[in-house]
Amino acid sequence: MSRMTTEQAIHQALAEEMQRDERVLLVGEGVATKRGDLVRNFGTARVRNTPLAEAIIAGTAVGAAASGLRPVIDLLFAPFLTYAMDALVNSAGKLRYLSGGQFEFPLVAMSMTGSGWCVGAQHNHNLEAMFAHAPGLKVVMPSTVADFKGLLKAAIRDDNPVLFFTDLALLHQEGEVPDVADHLVPLGQAAVRRVGADVTLVSYAKTVGVCLQAAEQLQAQGIAAEVIDLRTLKPLDEATVLRSLRKTGRLVAVTEASGLCGMAAELAALAVTRAFDALRAPVVRLTGPDAPGASSWVLEQAALPTAEAVVEAVQGMLGDAVVVREALATT
Amino acid sequence: MKIEDKKRVLREMVLHRRFEERCYQAYIERKIGGFLHLYPGQEACCNGVMEAARPGHDYVITGYRDHVHAIKCGADPKAVMAELYGKETGSSKGRGGSMHIFDGDKRFMGGYALVGGPFPLAAGIAKAIQLKGGDEIAICFLGDAANNQGVFHETLNMAALWKLPVLFVCENNLYGIGTSIERSTAVVHQHKRVAAYNIPADECDGQDIEIVYEAARKAVDHVRSGNGPYFLELMTYRYRGHSMSDSRGYRSREEEELWKQRDPIFILRDRLIKDGAMTMADFEALEKETDAYIENEVIKFAEESPEPRVEDLEKYVFADRATQLPWLTGKAA
């Protein structure tokens, strides 16, 4: 294992994939400035700064992907993706289908989002569900340093367009990354971060940490929470979530993104349509508010689901069960 | 252009014209659904440029008025018609329809329904050519109205900055849907807008194929020689409305008649007759022969082809490794 930050893991993934496959190129806002060693190793034709114009960056990537290259584009912040919507949603996601399968669009669009830097709503907007809703696109949003590396490498090798979101509060976190020559994490596989039998907490990105903290606190109260990190939002690993639900019968879905039509709503729908018979309590969603991200630290943090809120929700769901268990313990 | 080439192109242009007119009829008969944008009046543009380029070798991308461009690049008219019919044998297996004809084998990179959408894709195709070091060029055919999209400017900037091998062909037919260019665009002559990006630009008559061909030869040579992008504006006219739902209430019949006197097919035909290369009887026979081909082969194929299977509704959404496409070459270490 090597210890490194998310930022370093992303850089390693880019360097390794560019070394491995000469069709991979990196274009975007400031990529050559930020990653001088990649320019030195792979040349300015493959690592290139672009004008600050997201529609042409993404559109260029789509055209290059259709012609056999595997572009990675850095669009900096997730809200900037709305400038690139036509290329990503209407072209990358649809042209394979519209052409009857004649083309592939192997490209990765990277961007950052999330609270933690007080950057305001035009730099911080967890809009990942918008892309999960668009056909033909895959959506990845890791939480651990190892996953940032392994999932980015897998995304670059995927033959489909992948939206790769980096929670900016996780950019400087440190973590262990396996030293294997080719550390890949397959897209579409959730990770069970903690095993438990009483309740299933499902999340992704920074709120996985919130769920793990909550699970720790719940443990002290004798409640065993299972924590699932989705890692890939699309394709969604339904099997892992359902398997856990069949065991626990209780679901708390936690996202920083707002709730309406979001991933938490999708998880709730999954639970009631596919595991209704196993549910022992109504599903709980803990999400960010339906409001733009504030730049105030206080407001920004207030918009985040907390471990305390998760604990409270679980206690509410388990209320009767806890009373019964305590009663059994005293007899 | 050599006499033999002119005769061949006339034959192709008659096919393009009659194909489109037959689409009109099939649409009225409700054999074709969706939106239908027809090309008659503009044939010298696509034909003139592609005669100067290398169809099937150079990459071509365009907007929704795309049937003729696809056929000119080498797509089978039968597959194009079947696509309009929404059949499984269509060039996009019935998933695209009139506005989304694709033929990857012929490097026809598609019809695109969003105005201006192909601009950045053309830049990307050119970037791929540049990186792979081939002698192909990317050709982006679009109408004048597309130039009012922001990506027009983003693309011109990037193409010039990166010296991309891309030829922009603006088929200026004077109308964006039902709005005349004077009422939508501050600068009527589109090539003037390009000068700001240090991209060489030219304008010419888009009705006379020999004029288009000469202008396009210069343009193609410029791009293929590694000098970066070029912008060619062709002044032309579409006889039909924007699409089938357009009754042309925004322009006069007199204006239409004036343009029809400069019909691209008749200009070429009359020149060949004057040169003694063909007679009017030859031309009439050609039209009949073309109609028979369209009826007996193209329409027959489309009508008799199977519908896509409903079980395949979600097929082709995602790529999987089992179906690697032949032209996606490149080596992985």
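Being a predicted model, the structure only gives us computed values, none of them experimental. Sequence lines set the chain letters: A, B, ... in the order given, protein chains first and strands last, and positions in each chain run from 1.
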Sub-3.5 Å donor-acceptor pair from the side chain of A:D159 to the main-chain atoms of B:A319, do we have one?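 A pair under 3.5 Å: no.
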
Just by modelled atom types, is the B:F102 backbone N or O under 3.5 Å from a matching donor or acceptor in the A:S99 side chain?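 Here the side-chain-to-backbone pair does not exist.
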
Inter-residue atom distance [X].[atom1] - [Y].[atom2], 0.5 Å rounding:
X      : Y      : atom1 : atom2 : result
B:Q130 : A:S67  : CD    : OG    : 12.5 Å
A:I56  : B:F152 : CD1   : CZ    : 12.0 Å
B:L313 : A:Y97  : CG    : OH    : 4.5 Å
B:K93  : A:L98  : NZ    : CG    : 13.0 Å
B:L131 : A:R48  : CG    : CZ    : 10.0 Å
A:Q102 : B:Y316 : CD    : OH    : 9.5 Å

Contact summary for B:Y112 and A:L95, nearest pair of heavy atoms: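 That would be CE1-CD1, 4.1 Å.
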
Do A:R96 and B:V317 pass the side-chain contact (heavy atoms from CB on, under 4.5 Å) test, and can you show the C-alpha distance, the side-chain angles, and the key distance before you say yes or no? CA-CA 7 Å; A:R96 173 171 172 76; B:V317 176; over 6 Å; no

Please look at [X] and chain B and tell me whether the side chain, the backbone, both or neither of the residue comes under 4.5 angstrom of a heavy atom of that chain.
X     : answer
A:E17 : neither
A:L25 : side chain
A:V27 : side chain

Top contributor to chain A contacts, counting heavy-atom pairs under 4.5 Å, from B:V151, B:T155, B:L164: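 Heavy-atom pairs under 4.5 Å are most numerous for B:T155.
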
Listed partners of B:K87 passing side-chain contact (heavy atoms from CB on, under 4.5 Å), at least two apart: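 With neighbours one apart ignored, the set is B:A82, B:Y85, B:T89, B:S305, B:E307.
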
Tell me the residues of residues 83-93 of chain A whose non-hydrogen atoms fall below 4.5 Å from those of chain B, in number order.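 Result: A:D86, A:N90, A:S91.
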
Just give me the residue among A:P71, A:G136, A:A45, A:P51 that pairs up with chain B most often, heavy atom to heavy atom, under 4.5 Å.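 Counting heavy-atom pairs under 4.5 Å, the top option is A:G136.
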
Among A:A58, A:P161, A:G63, A:A55, single out the residue with the greatest number of heavy-atom pairs under 4.5 Å to chain B.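 Option with the greatest count: A:G63.
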
Could you go through the side-chain contact (heavy atoms from CB on, under 4.5 Å) check for A:F103 and B:M109 one step at a time? CA-CA 9 Å; A:F103 297 93; B:M109 308 300 277; 3.6 Å; yes

